[in-house]
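Below: one structure, written as structure tokens.
In this chain, numbering begins with 1 at the start of the sequence shown.
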Amino acid sequence: MAVTIDLSGHTAWVTGGASGIGRATSRLLAEAGARVLALDLREGPSEEGIDNRALDVRDVAAAAQLVREHDAPDILVNAAGITRDGVVWRLADEAWDAVIDVNLTGAFRLTRACAPGMRRRGRGSIVNVASINGLHGRFGQSNYAASKGGLIAFTRAIATELAREGIRANAVAPGFVDTAMTRALPDDIRHAAVEGALMRRLGRPEEIAATILFLASPLASFVTGQVFVVDGGQLA
């Protein structure tokens with residue numbers, strides 16, 4: 001029996017929506033019928049069903065201003081993320097602060113801005129894009145692992161706060177995904193990621209987006225406070 005996800009009449013905001021997992025998610029939500037606002041430092045390419053807007057998630061006032069202009073969305077996907085790798089004894093304060101501010105605090109700011117409108121309507125779905133590195137850590141990524149581990153804990157906490165208001169909050173923890181960010185890494189690191197996955201390949205942004213679509217949709221109406229690992233068997 002075929003199952004169709006229809007998000008017609010729903011609005012969705014996707015941070016990090018200009019590229020990678022964020023862009024793939026924006027496209028898939030738009031294909032399902034949602035009106036998508038893709039938010040990023042630089043506006044993404046023009047595509048049917050996707051409105052682009054420049055937004056810096058580090059800007060404290062920007063998220064609140066966006067809600068004033070558009071009202072809160074039905075679906076919020078916090079996918080914006082950066083890396084500033086380095087072993088902890090050489091990691092600069094700026095590298096630590098930048099990663100925490102974008103990956104974790106940025107998600108907090110958007111969620112804080114959208115929660116009142118979602119609560120008023122009595123519905124909403126928040127999906128935070130974490131990482132398997134937030135579950136097990138990774139050499140040279142103490143800042144990134146801390147930001148993603150914090151995002152997982154944040155997701156579980158807001159799920160307890162918002163569930164009675166009809167709002168669900170879940171996280172997706174991707175493994176190594178083939179994006180512009182990971183293509184900039186040395187070949188030996190990419191090769192090790194492939195060898196470390198049971199499926200012996202990198203993930204595709206569209207595969208992570210498919211899980212996000214499920215969590216955002218009515219098919220996941222009884223799912224909240226969960227972390228969905230999508231890693232091709234890396235953790236296994």
Side-chain angles (χ1 to χ4, degrees), residues 14-28 38-42 44-45 56-58 77-107 127-155 170-213 215 227-236:
V14 183
T15 70
S19 62
I21 293 170
R23 196 62 182 184
T25 300
S26 297
R27 288 170 176 157
L28 203 54
L39 309 167
D40 213 309
L41 273 176
R42 299 175 185 82
D56 187 345
V57 297
R58 297 170 297 180
V77 180
N78 288 305
I82 62 170
T83 57
R84 297 288 187 273
D85 295 351
V87 289
V88 69
W89 59 91
R90 294 178 180 171
L91 196 64
D93 286 352
E94 293 79 8
W96 176 273
D97 292 344
V99 170
I100 297 296
D101 204 18
V102 172
N103 298 4
L104 178 56
T105 310
V127 184
N128 295 320
V129 179
S131 168
I132 61 170
N133 292 343
L135 294 169
H136 69 80
R138 183 179 179 85
F139 183 91
Q141 285 197 323
S142 60
N143 52 357
Y144 185 78
S147 73
K148 296 301 187 177
L151 190 58
I152 288 168
F154 174 71
T155 301
N170 294 285
V172 175
F176 210 97
V177 179
D178 188 17
T179 64
M181 186 167 65
T182 60
R183 284 193 289 273
L185 295 172
D187 289 341
D188 60 331
I189 293 179
R190 290 170 57 85
H191 179 73
V194 170
E195 290 301 307
L198 297 180
M199 297 184 72
R200 292 296 189 272
R201 66 174 177 84
L202 302 182
R204 298 187 297 273
E206 294 76 15
E207 292 173 310
I208 312 305
T211 303
I212 295 171
L213 173 64
L215 291 172
V227 181
F228 280 65
V229 174
V230 189
D231 69 346
Q234 279 184 269
L235 286 186

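In this structure the side chain of I100 reaches within 4.5 angstrom of the side chain of T105, judged on heavy atoms. No side-chain heavy atom of F176 sits less than 4.5 Å from a side-chain heavy atom of I132. Taking the side chain as every heavy atom from C-beta outward, D231 and P174 never approach each other to under 4.5 Å. Contact annotation: the side chain of I152 approaches that of L135 to within less than 4.5 Å [non-hydrogen atoms, C-beta and beyond]. Two residues are said to be in side-chain contact when any heavy atoms from C-beta on lie closer than 4.5 Å; P205 and V177 meet this criterion. You'll find the side chain of T83 stays beyond 4.5 Å of the side chain of N103, heavy atoms only. Taking 4.5 Å as the limit, some side-chain heavy atom of V194 sits within range of a side-chain heavy atom of L202. Using a 4.5 Å heavy-atom cutoff, the side chains of T25 and I208 are not in contact.
Here S142 contributes atom OG and D85 contributes atom CG; the two are 9.0 Å apart, rounded to the nearest 0.5 Å. For the atom pair N78 CG and T15 OG1, the distance stands at 4.5 Å (nearest 0.5 Å). To the nearest 0.5 angstrom, T211 atom OG1 is 10.0 Å from L28 atom CG.
Pairing each heavy atom of G137 with each of A145, the nearest pair is CA-CB, 4.0 Å. Residue A80 comes nearest to V57 through the heavy atom pair CB-CG1, 4.3 Å, listed as atom of the first residue, atom of the second, then distance. Across every non-hydrogen atom of A18 and P45, the tightest pair is O-CD, 4.1 Å. Of all heavy-atom pairs between A79 and G22, the closest is CB-CA, 4.1 Å.
Other residues, nucleotides and ligands place no more than 12 heavy atoms under 6.0 Å from the CZ atom of R58. Counting non-hydrogen atoms of other residues, nucleotides and ligands closer than 6.0 Å to CG of D187 gives a total of 12 or fewer. Counting heavy atoms of neighbouring residues, nucleotides and ligands inside a 6.0 Å radius, atom CZ of R183 exceeds 12 of them.
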Using the side-chain contact (heavy atoms from CB on, under 4.5 Å) rule, take L39 and V14 through it: C-alpha gap first, then chi angles, then the decisive distance, then the call.
CA-CA 6 Å; L39 309 167; V14 183; over 6 Å; no
Please assess I82 against R84 for the test side-chain contact (heavy atoms from CB on, under 4.5 Å), listing each intermediate value before the final yes or no.
CA-CA 7 Å; I82 62 170; R84 297 288 187 273; 3.9 Å; yes
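Salt-bridge annotation for R204 and D178: absent, with no side-chain N of the basic residue lying under 4.0 Å from a carboxylate O of the acidic one. For D40 and R42, the salt-bridge test fails: no basic side-chain N is under 4.0 Å from an acidic carboxylate O. Between R201 and E207 there is a salt bridge, with a side-chain nitrogen of the basic residue lying less than 4.0 Å from a carboxylate oxygen of the acidic one.
With N133 as reference, Q141 is the one residue of Q141, K148, R138 to meet the side-chain hydrogen bond (donor to acceptor under 3.5 Å, both in side chains) rule. When the options V127, N128, V229, T155 are evaluated for a side-chain contact (heavy atoms from CB on, under 4.5 Å) with V172, the one that passes is V127.
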